[in-house]
Engineer: 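First the structure, which I've put down as structure tokens, then a few questions once you've had a look.
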Amino acid sequence: MLRSHTCGELRKSHVGERVTLAGWVDKYRDHAGIVFIDLRDRYGRAQIKFNLEDNSNTQKEARGLRHEDVVQVIGEVVARPDDMVNPKLATGEIEIRVNELKVLSKSANPPFLIDQPDLPNEELRLKHRVVDLRRPELQNAMMLRHKFTKIVRDYFDRHGFLDIETPILGRSSPEGARDYLVPSRVHPGCFYALPQSPQIFKQLLMCAGYDRYMQIARCFRDEDLRADRQPEFTQIDLEMAFVEQNDVLSVVDGMIAEVLKTLKGIDSPVPLPRYTHAEVMERFGSDKPDMRFGMELTDLKEIAADCGFGVFSKTIENGGRVRGLVAPQAAEKYSRKNIDALTAFVGDYGAKGLAFFRVNESGLDSPIAKFFTEEHQKAIIEKMGAKPGDLIFCVADKASVTSAALAALRNRLGKELELFDPKAFSCLWVVEFPLLQFDAEADRWVAEHHPFCYPHPDDIELLKTDPGKVRAQSYDLVVNGYEAASGSIRIHDPAIQQQIFDLLNIKAEEAERRFGFLLEGLRYGAPPHGGMALGLDRWVMLLCGYDNIRDVIAFPKTQKAADLLSGAPSTVDEKQTKELYLELNLPEE
RNA sequence: GGCCCUGUAGCUCAAUUGGUUAGAGUACCGGACUGUCGAUCCGGUGGUUGCGGGUUCGAGUCCCGUCGGGGUCGCCA
């Protein structure tokens, strides 16, 4: 070993010991006669000092050290004088009086400093990810990510789950996200698809009798990126046989309680609260509400239908909805200009306007207040539970637009008005999603979750009469407004599976061709089963308190799905494409 | 594909209404300094203002195009 201790572990109890440390030069303070260096590794930092009297040659060499040089030092742990203790450092009570110095590797001048006060722009950080990964924030994220997966693996192991790997090279399936494809050399013209999730394979494992499965699985989806979406990401994937919905939710309730307790010291309720999809859509306008704060939506149908404001009354007449929310004590905080910005903001979600009222002692103050009688104003205030100083926002539109716009507005106002503790965790289940959604453009039904989702037992008959009303035995776990997990009870009956394929307009021949291996698995004695997948990257992001998943992934990709470090994706030699029988057909410049 | 933000020294930023030789802090280089911990003090090097056009007597600044990065809508079973 090139070191006897790490840079973070030395304490007063080590005083007098001769130690060998190795690490990176974090900071240097050269006083000519004495040189201080903060030596860094992932365990922490320690101050090493080079005194002229101790070893003049070593001291001279130390004066030439610069940021990010890698060195090994041998010296004695000494206590710092009382007035020289650095309370900011865990090792601040001691320092190492160095006799011997070995430069293991001299660093070129780094593109940015590890602890510079303003973070360099992300493009530079991604290009020089090796340097970036030395930053304590990223090191903490990687360490927390490791602890998280360890807790999860141990938890599922204790509960009898088997960790089984599924293929990365699979077959392309219809529906769902765009696949990443891998051309086959051995089968000219054929392609593998990288898995969007191990969905079908884990169902087959259930059929095969591996009744509790889990895997930390890499998944790939060739869709546009977001702050919380990467083209390759990691799921904690699990599946259980001989279970009902409540059994799956209970197992994960336990896992989450353990994770939050161990990593954050938080006691989370067991079981976690459960809400139906219909309820959260009505109360929050979103299927992933951030419940760290209230500000629920209010329906204003009766008042809107009766009032003199044409935009409201006509919307109701045409079958739309008028809904609103109350921003507490925001009347003074938002100028007309601020509100115009909010109006533009909800415009992104399809809202054609944003009505607002400032609440005062006598009623409502607004450019449109004149369209509302004193009774209407009182009714609005009462219905919405508003108080003087509050600011009311309303959207009149078709139902889906009022939901999307107000949900986005609610999230934005919640942040801007600091209505919640950013360190809090709010976890909840949303259950009973609709099974299907009608795609007007394609003129057909599409699966809301995926085509293997078991319908709610009370709604099986509706499949024939009113498919849009069928609820699924599916569930999402929502954490602080993020979809943190998703799953369902699966169909284990080939006849019902066939019925769903029919509804989705997947022909028997096509279903056989593309999912034949699943149907085949279901044919020879399939146990009732269900499971879910948790978004590992999102969980780590939330546990770290970060707002994008790139900061919890060692080597993430940019919004254009490029790896700035390695230069992927790249062109390849013609020899390679020839071997794969591929010819490029690039668009004209 | 749409909308928005963004690109100036190695890094973080500034530069008035379009107007002199594009500045500061930090890093880096040289010098001083034996108790610093964002060390301090003195001096110095460092610029294709992402790239390409255009308008103008004059462009970091205005216009058009383009490339990169970020946010978001669509998209993401």
Engineer: Please name the nucleotide paired to G30(B) by Watson-Crick or G-U wobble geometry with both distances under 3.5 Å, or report none.
Structural biologist: C42(B)
Engineer: In chain order, what residues pass the ring pair (Phe, Tyr, Trp, His ring centres under 6.0 Å) check against Tyr349(A), with sequence neighbours excluded?
Structural biologist: Phe345(A)
Engineer: Measure CZ/Arg125(A) against P/G70(B) and give the value in whole Å, please.
Structural biologist: 11 Å
Engineer: For the residue pair Phe233(A) and Phe220(A), is the inter-centroid distance of their aromatic rings smaller than 6.0 Å?
Structural biologist: no
Engineer: Taking only the side-chain heavy atoms of Phe36(A) (C-beta and beyond), determine which of U72(B), U36(B), U34(B) contains the nearest atom.
Structural biologist: U36(B)
Engineer: Sort out the partner of G35(B) for me: Watson-Crick or G-U wobble, both distances under 3.5 Å, none otherwise.
Structural biologist: none
Engineer: Which whole-number value in Å describes the distance from Arg80(A) CZ to G35(B) C1'?
Structural biologist: 10 Å
Engineer: With both distances kept under 3.5 Å, what pairs with A24(B), Watson-Crick or G-U wobble?
Structural biologist: U12(B)
Engineer: What is the distance, rounded to the nearest whole Å, between atom CG of Leu52(A) and atom P of C33(B)?
Structural biologist: 11 Å
Engineer: Given that Gly176(A) and Asp547(A) both sit by RNA chain B, which one's nearest nucleotide is further toward the 5' end?
Structural biologist: Asp547(A)
Engineer: Using a strict heavy-atom distance below 4.0 Å, which residues from residues 222-232 of chain A are in contact with RNA chain B?
Structural biologist: Glu223(A), Asp224(A), Arg226(A), Ala227(A), Arg229(A)
Engineer: Using atom P of each nucleotide, how far apart are G43(B) and G50(B) to the nearest Å?
Structural biologist: 31 Å
Engineer: Just to confirm, is there a sub-4.0 Å distance from OP1 or OP2 of G38(B) to any side-chain nitrogen or oxygen of Lys88(A)?
Structural biologist: yes
Engineer: Check every strand shown and say whether Gln196(A) touches a base, only sugar-phosphate, or nothing at a heavy-atom separation below 4.0 Å.
Structural biologist: nothing
Engineer: Tell me whether the side-chain N/O atoms of Lys27(A) come closer than 4.0 Å to OP1 or OP2 in A39(B).
Structural biologist: yes
Engineer: Distance check needed: G70(B) P versus Lys127(A) NZ, whole Å only.
Structural biologist: 11 Å
Engineer: Over all strands shown, is Asp348(A) touching base, sugar-phosphate only, or nothing at heavy-atom distances under 4.0 angstrom?
Structural biologist: sugar-phosphate
Engineer: Using OP1 and OP2 only, check whether a side-chain N or O of His67(A) sits under 4.0 Å from C28(B).
Structural biologist: yes
Engineer: Within this structure, what is the CD-to-P distance between Gln437(A) and C76(B), rounded to whole angstrom?
Structural biologist: 10 Å
Engineer: Side chain of Arg63(A) only, please: which of C33(B), G70(B), C76(B) is the nearest?
Structural biologist: C33(B)
Engineer: Is there a donor in the side chain of Asp179(A) and an acceptor in the side chain of Ser172(A), or the other way round, less than 3.5 Å apart?
Structural biologist: yes
Engineer: Please determine whether a side-chain nitrogen or oxygen atom of Tyr28(A) lies at a distance below 4.0 Å from atom OP1 or OP2 of G38(B).
Structural biologist: no
Engineer: Would you say Arg29(A) reaches U36(B)'s phosphate, i.e. side-chain N/O to OP1/OP2 under 4.0 Å?
Structural biologist: no
Engineer: From the options G38(B), U34(B), G70(B), select the nucleotide whose nearest atom is closest to the side chain of Ala32(A).
Structural biologist: U34(B)
Engineer: Is the ring pair His492(A)/Tyr454(A) parallel, tilted or perpendicular, if the boundaries are 30 and 60 degrees?
Structural biologist: parallel
Engineer: Would you call His31(A) stacked on A39(B), i.e. ring centres under 5.5 Å apart with the planes less than 30° off parallel?
Structural biologist: yes
Engineer: Considering every strand and a 4.0 Å limit on heavy-atom distances, what is the contact class for Ser173(A): base, sugar-phosphate, or nothing?
Structural biologist: nothing
Engineer: With a 4.0 Å heavy-atom cut-off, tell me which residues in residues 555-570 of chain A come close to RNA chain B, sorted by residue number.
Structural biologist: Thr558(A), Gln559(A), Lys560(A), Leu564(A)
Engineer: So Phe452(A), base contact, sugar-phosphate only, or nothing? Heavy-atom distance under 4.0 Å.
Structural biologist: nothing
Engineer: If you find the nucleotide of RNA chain B closest to Glu95(A) and the one closest to Arg538(A), which residue's nucleotide is nearer the 5' end?
Structural biologist: Glu95(A)
Engineer: Take atom CD of Glu68(A) and atom C1' of C28(B), then tell me their distance rounded to the nearest Å.
Structural biologist: 14 Å
Engineer: Figure out the CG/C1' separation between Asp30(A) and G31(B), and round it to whole Å.
Structural biologist: 11 Å
Engineer: For Arg514(A), I'd like to know if atom CZ has over 12 heavy atoms of other residues, nucleotides or ligands within 6.0 Å.
Structural biologist: yes
Engineer: When you compare G1(B) with U12(B), how far apart are their C1' atoms, in angstrom units rounded to a whole number?
Structural biologist: 35 Å
Engineer: Quick one: which protein N/O atoms are closer than 3.5 Å to N/O atoms of nucleotides 9-13 of chain B? Pair and distance per line, please.
Structural biologist:
unit_1: G10(B); atom_1: O2'; unit_2: Pro111(A); atom_2: O; d: 3.0
unit_1: C11(B); atom_1: O4'; unit_2: Pro111(A); atom_2: O; d: 3.3
unit_1: C11(B); atom_1: O2'; unit_2: Gln116(A); atom_2: OE1; d: 3.1
unit_1: C11(B); atom_1: O2'; unit_2: Gln116(A); atom_2: NE2; d: 2.4
unit_1: U12(B); atom_1: OP1; unit_2: Asn121(A); atom_2: N; d: 2.7
unit_1: U12(B); atom_1: O2'; unit_2: Asp118(A); atom_2: OD2; d: 2.9

Engineer: So if I take residues 501-513 of chain A and measure heavy-atom distances to RNA chain B, which residues fall below 4.0 Å?
Structural biologist: none
Engineer: For residues 480-489 of chain A, which residue pairs qualify under salt bridge (charged side-chain N to carboxylate O under 4.0 Å, His left out), counting only residues two or more places apart or in two chains?
Structural biologist: none
Engineer: May I ask you to check whether Phe433(A) and Tyr475(A) place their ring centers less than 6.0 Å from one another?
Structural biologist: no
